[in-house]
Amino acid sequence: MQTHDSVSVLIFNTTSHCFILVKQFRPAVYMSEWERSKPKPLQPAEEESAEPAPTEAKVPEENQAGDSSEETSSHQPPASAGVTYELCAGLVDKPNLSLEEIARQEVLEECGYDVPVTKLRKITSYRSGVGVTGSKQTMFYAEVSDEICVGEGGGKPQEGELIEVVKVPLHEAMTFAFDESIPKTMGVIFSFIWFHSNMSPKYKISTNV
């Protein structure tokens, strides 16, 4: 499998002292949860020990099809099972633009903030999807304020993006990061830890570690 490299951006709003994340539906996550929710087939030992079921009248084929459909839908998880919290991010698929310029575009499209390229600080780069693609992601940090919010964000619906902008208060960040009931990417956890180690002293606010 081959894919593009990517960029991601940890966005911190200095007006409201909160992180700006995006929440979106991921088909792969949903399918994984669907597979997890399916009833597991009996193992050979369990089949042998199970008592034989009483003989039932043969069901017409059309009824069998209907029952199968109902059974499948009954184990289908809600759409919310495929929703994850992530950093603003995008693919490096514009060869004429620098990584910073691509990151700036993604922040504007997904979150609605017009961040100058010069205000983007590189945190680090690393390999993602090493078991499948081995692509590289470069992570940036950007400080924004309400004054440079020029839109609602939300991505590009015409490209299949359905993105919701989410605010995480600074004092709740680390609790959010390590709450396993909240589906999130590793980038969120790592970037919050990075902020706590490198930026928190600047604001003299506890990130609730």
Side-chain angles (χ1 to χ4, degrees), residues 4-26 83-128 135-157 159 161-179 182-209:
H4 292 283
D5 290 339
S6 60
V7 295
S8 61
V9 188
L10 172 64
I11 305 171
F12 180 67
N13 187 314
T14 58
T15 304
S16 53
H17 280 194
C18 67
F19 295 105
I20 308 298
L21 302 181
V22 297
K23 183 169 71 170
Q24 56 185 321
F25 178 83
R26 292 295 191 180
V83 172
T84 59
Y85 293 83
E86 310 170 16
L87 296 179
C88 171
L91 297 177
V92 179
D93 55 1
K94 302 178 182 68
N96 59 320
L97 298 181
S98 67
L99 294 179
E100 289 80 3
E101 289 170 328
I102 294 174
R104 176 187 176 277
Q105 283 189 352
E106 294 299 332
V107 172
L108 182 60
E109 292 172 4
E110 295 189 359
C111 302
Y113 293 94
D114 190 4
V115 181
V117 169
T118 55
K119 295 297 184 180
L120 286 164
R121 171 181 173 180
K122 180 180 176 180
I123 296 177
T124 189
S125 62
Y126 50 89
R127 295 289 176 179
S128 61
S135 58
K136 178 183 288 187
Q137 182 166 97
T138 302
M139 181 181 291
F140 293 94
Y141 170 70
E143 291 186 354
V144 301
S145 65
D146 291 348
E147 287 72 25
I148 63 171
C149 184
V150 296
E152 297 181 354
K156 293 183 175 180
E159 295 182 3
E161 293 182 331
L162 296 173
I163 295 172
E164 178 183 344
V165 179
V166 178
K167 296 181 179 181
V168 179
L170 177 58
H171 66 276
E172 298 177 6
M174 298 307 289
T175 299
F176 180 94
F178 290 101
D179 185 343
I182 303 174
K184 68 189 76 66
T185 62
M186 189 61 206
V188 172
I189 300 174
F190 169 76
S191 63
F192 281 8
I193 295 174
W194 174 88
F195 184 95
H196 171 72
S197 300
N198 295 273
M199 305 302 295
S200 285
K202 173 182 176 181
Y203 295 100
K204 298 179 180 179
I205 295 178
S206 171
T207 48
N208 196 24
V209 177

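In this text the structure is predicted, and so the values were computed from the model without any measurement.
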Practice item. Could you please spell out the steps behind the side chain to side chain contact (heavy atoms under 4.5 Å, CB included) verdict for Cys149 and Val144? Key: CA-CA 8 Å; Cys149 184; Val144 301; over 6 Å; no
**Study point:** Worked verdict on Val115 versus Glu143 for side chain to side chain contact (heavy atoms under 4.5 Å, CB included)
**Key:** CA-CA 8 Å; Val115 181; Glu143 291 186 354; over 6 Å; no
Practice item. Determine, stepwise, if the pair Thr185 / Glu86 fulfils side chain to side chain donor-acceptor pair (under 3.5 Å). Key: CA-CA 6 Å; Thr185 62; Glu86 310 170 16; 5.9 Å; no
Point to revise | Steps toward side chain to side chain contact (heavy atoms under 4.5 Å, CB included) verdict (Ile123, Phe190) | key: CA-CA 11 Å; Ile123 296 177; Phe190 169 76; 4.2 Å; yes
Practice item. Check the pair Tyr141, Met199 against side chain to side chain contact (heavy atoms under 4.5 Å, CB included), reporting the backbone distance first and the verdict last. Key: CA-CA 10 Å; Tyr141 170 70; Met199 305 302 295; 3.8 Å; yes
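Between Tyr85 and Gln24, every side-chain heavy-atom pair lies at or beyond the 4.5 Å cut-off. In this structure, the side chains of Leu87 and Met139 come closer than 4.5 Å at one or more pairs of heavy atoms. Lys94 has its side chain out of reach of Glu101: every pair of non-hydrogen atoms, C-beta onward, lies at least 4.5 Å apart.
Residues Val117 and Glu100 share a closest heavy-atom pair of CG1-CB, 3.5 Å. Shown here for Ser8 and Gln137, the closest heavy-atom pair between the two residues is OG-OE1, 3.2 Å. Across all their heavy atoms, Glu147 and Thr15 have their closest contact at OE1-OG1, 3.8 Å. Counting all heavy atoms, side chain and backbone alike, Ala103 lies closest to Val9 at CB-CG2, 3.8 Å. Taking all atoms of both residues into account, the shortest heavy-atom contact from Ala173 to Val168 is CA-CG1, 4.1 Å. Taking every heavy atom of both residues into account, Cys88 and Ile11 meet most closely at CB-CD1, 3.9 Å.
To the nearest 0.5 Å, atom CD1 of residue Ile102 and atom NE2 of residue His4 are 10.0 Å apart. Going from atom CE of Met174 over to atom CD1 of Ile189 covers 9.0 Å, rounded to the nearest 0.5 Å. Here CD1 of Ile163 is found 12.5 Å from NZ of Lys23. Values are rounded to the nearest 0.5 Å. Remark: Ile20 CD1 to Tyr113 OH distance equals 4.0 Å, nearest 0.5 Å. Here the SG atom belonging to Cys111 is positioned 8.5 Å from the CG atom belonging to Leu21, to the nearest 0.5 angstrom. Rounding to the nearest 0.5 angstrom, the gap separating the CG atom in Leu120 from the CZ atom in Arg104 is 9.0 Å.
Side-chain atoms of Glu172 never come within 3.5 Å of backbone atoms of Pro169 as a donor-acceptor pair (strictly under, hydrogens ignored). A donor-acceptor contact shorter than 3.5 Å links the side chain of Ser191 to the backbone of Val188. Between the Asp5 side chain and the Lys136 main chain, a donor and an acceptor come within less than 3.5 Å of each other.
Other residues, nucleotides and ligands contribute at most 12 non-hydrogen atoms within 6.0 Å of the NZ atom of Lys167.
Separation of the Phe19 and Phe176 ring centroids does not fall under the 6.0 Å cut-off.
Lys119 meets the salt bridge (Lys or Arg N to Asp or Glu O under 4.0 Å) test with no other residue; sequence neighbours excluded.
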